Amino acid sequence: MSKFKHIWQDGLWSNNVVLAQSLALCPLLAVTSSATNGLGLGLATLFVMLGANLLSALLNPIINRAVRIPVNILMIATLVTITDLLLNAYLHSLHKVLGLFIPLIVTNCAILGRVEAYASKHSVLPATIDALAMGLGFLWVLVVLGGIREVIGAGTLFADADLLLGSTFSFLQITIIPEYRGYLLVILPPGGFLVLGAILAAQRVLQTKWQHPSKALGGETCA
């Protein structure tokens, strides 16, 4: 397996920020009451992660190892502030929905973890690909979790997508179950835990099936 293919597989699936590392669960559970909210926070996190990995890889040769972590934190905080201001200026409605969780991207362990574990030890290209893979891996989990909670909890999918993507993408807003009263528990944080648990279980079953097909089917392996 090529180096870059391995990075993509790790970020999107086998070493996924949420499914394998169990990081960034607080914003994940709090924000994903809808697929649109999950997409918004996922894109903001992807932007910060990409900028942080890129800058870390570029500046690493000139930064003393003793001050590397404070510099990385300062760099991430700057990128988050820029993201927060841009969302407030151009997507104000979505900014009000995501609220405190945009500034809290600074404390997202996944971002500092990738900068320290990977970007600070590699060149620009692999560090950039790693950020894209990890960021997109986090994003798809946010969208899937938000989509499942929204459909079960409100009977809609991508409600208010025009707040994030503009009126051109209003066609994404779908009413899956007309005149549905909703299931409040799934929208609340405890419901997020339940849906996330179901996604984790599904991921483990698929992982086992792919790695050990005979075991997943209940068959015997030959000695």
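A quick note: this is a predicted structure, and the numbers were derived from the prediction, not measured.
- Residue Ile105 holds its CD1 atom at 9.5 Å from CE of Met49, rounded to the nearest 0.5 Å.
- Rounding to the nearest 0.5 angstrom, the gap separating the CG atom in Leu79 from the CG atom in Asp84 is 12.5 Å.
- A donor and an acceptor atom, one from each side chain of Asp10 and Ser14, are located under 3.5 Å apart.
- Using a 30° and 60° split on the angle between ring planes, Trp13 and Trp140 fall in the parallel class, below 30°.
- Between the side chains of Gln173 and Asp160, no donor-acceptor pair is found at a separation under 3.5 Å.
- No side-chain heavy atom of Tyr90 sits under 4.5 Å from any side-chain heavy atom of His95.
- Taking the side chain as every heavy atom from C-beta outward, Leu194 and Leu185 approach each other to under 4.5 Å.
- The heavy-atom pair separating Ala44 from Thr83 by the smallest distance is CB-CG2, 3.9 Å.
- Note: Met134 CE to Ile111 CD1 = 12.5 Å, rounded to the nearest 0.5 Å.
- Checked by atom type, the side-chain pair Asn72/Glu116 shows a donor-acceptor distance below 3.5 Å.
- Looking at every heavy atom in both residues, Ala127 comes nearest to Ala57 through CB-CB, 3.8 Å.
- Residue Ser56 forms a side chain to side chain contact (heavy atoms under 4.5 Å, CB included) with just one option from Val115, Val124, Ile76, and that option is Val115.
- Hydrophobic clustering of Ile, Leu, Val, Met, Phe, Trp and Tyr side chains at less than 4.5 Å, counting indirect connections, keeps Leu184 apart from Leu196.
- If you chain together hydrophobic residues whose side chains sit under 4.5 Å apart, Val195 and Ile177 fall into the same group.
- Asn16 contributes atom CG, which lies 9.0 Å from atom CZ of Phe138 (distance to the nearest 0.5 angstrom).
- Leu59 and Ile82 fall into different hydrophobic clusters, where Ile, Leu, Val, Met, Phe, Trp and Tyr are joined by side-chain heavy atoms under 4.5 Å apart, directly or via other members.
- Using a 4.5 Å heavy-atom threshold, the side chains of Leu12 and Leu136 count as touching.
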Considering only distance and modelled atom types, tabulate donor-acceptor pairs under 3.5 Å from the side chains of residues 146-155, sequence neighbours left out.
{"unit_1": "Arg149", "atom_1": "NE", "unit_2": "Val186", "atom_2": "O", "d": "2.9"}
{"unit_1": "Arg149", "atom_1": "NH1", "unit_2": "Leu29", "atom_2": "O", "d": "3.0"}
{"unit_1": "Arg149", "atom_1": "NH1", "unit_2": "Thr32", "atom_2": "O", "d": "3.3"}
{"unit_1": "Arg149", "atom_1": "NH1", "unit_2": "Thr32", "atom_2": "OG1", "d": "2.8"}
{"unit_1": "Arg149", "atom_1": "NH2", "unit_2": "Val186", "atom_2": "O", "d": "3.4"}
{"unit_1": "Arg149", "atom_1": "NH2", "unit_2": "Ile187", "atom_2": "O", "d": "2.5"}
{"unit_1": "Arg149", "atom_1": "NH2", "unit_2": "Leu188", "atom_2": "O", "d": "3.0"}
{"unit_1": "Glu150", "atom_1": "OE1", "unit_2": "Ala35", "atom_2": "N", "d": "2.9"}
{"unit_1": "Glu150", "atom_1": "OE1", "unit_2": "Phe158", "atom_2": "N", "d": "3.2"}
{"unit_1": "Glu150", "atom_1": "OE2", "unit_2": "Thr156", "atom_2": "OG1", "d": "2.8"}
{"unit_1": "Glu150", "atom_1": "OE2", "unit_2": "Leu157", "atom_2": "N", "d": "3.4"}
{"unit_1": "Glu150", "atom_1": "OE2", "unit_2": "Phe158", "atom_2": "N", "d": "3.3"}
{"unit_1": "Glu150", "atom_1": "OE2", "unit_2": "Ala159", "atom_2": "N", "d": "2.9"}

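- In terms of heavy-atom proximity, Pro126 sits nearest to Ile7 at O-CD1, 4.2 Å.
- Between the CE atom in Met75 and the CZ atom in Arg68 there is a gap of 10.5 Å [rounded to 0.5 Å].
- With respect to Val18, the side chain to side chain contact (heavy atoms under 4.5 Å, CB included) criterion is satisfied by exactly one of Leu23, Leu25, Leu142: Leu25.
- Here the closest heavy-atom approach between residue Asn108 and residue Ala24 is recorded as OD1-CB, 3.4 Å.
- Looking at Thr175, its side chain never comes within 3.5 Å of a backbone N or O of Pro178 through a donor-acceptor pair.
- Of the possible polar contacts, none joining the Asn53 side chain to the Thr128 backbone as a donor-acceptor pair under 3.5 Å is found.
- Grouping the Ile, Leu, Val, Met, Phe, Trp and Tyr side chains by contacts below 4.5 angstrom, directly or via other members, places Ile69 apart from Leu58.
- Following chains of ILVMFWY side-chain contacts shorter than 4.5 Å, one can reach Leu104 starting from Ile73, so the two form part of one hydrophobic cluster.
- From Phe101, atom CZ reaches atom OG1 of Thr107 across 10.0 Å, with rounding to the nearest 0.5 Å.
- In terms of heavy atoms, Ser170 sits closest to Asp162 at CB-CB, 4.4 Å.
- For Arg114 against Asp130, the heavy-atom pair with the smallest separation is NH2-OD1, 2.8 Å.
- More than 12 heavy atoms of other residues, nucleotides or ligands shown are found within 6.0 angstrom of OH on Tyr180.
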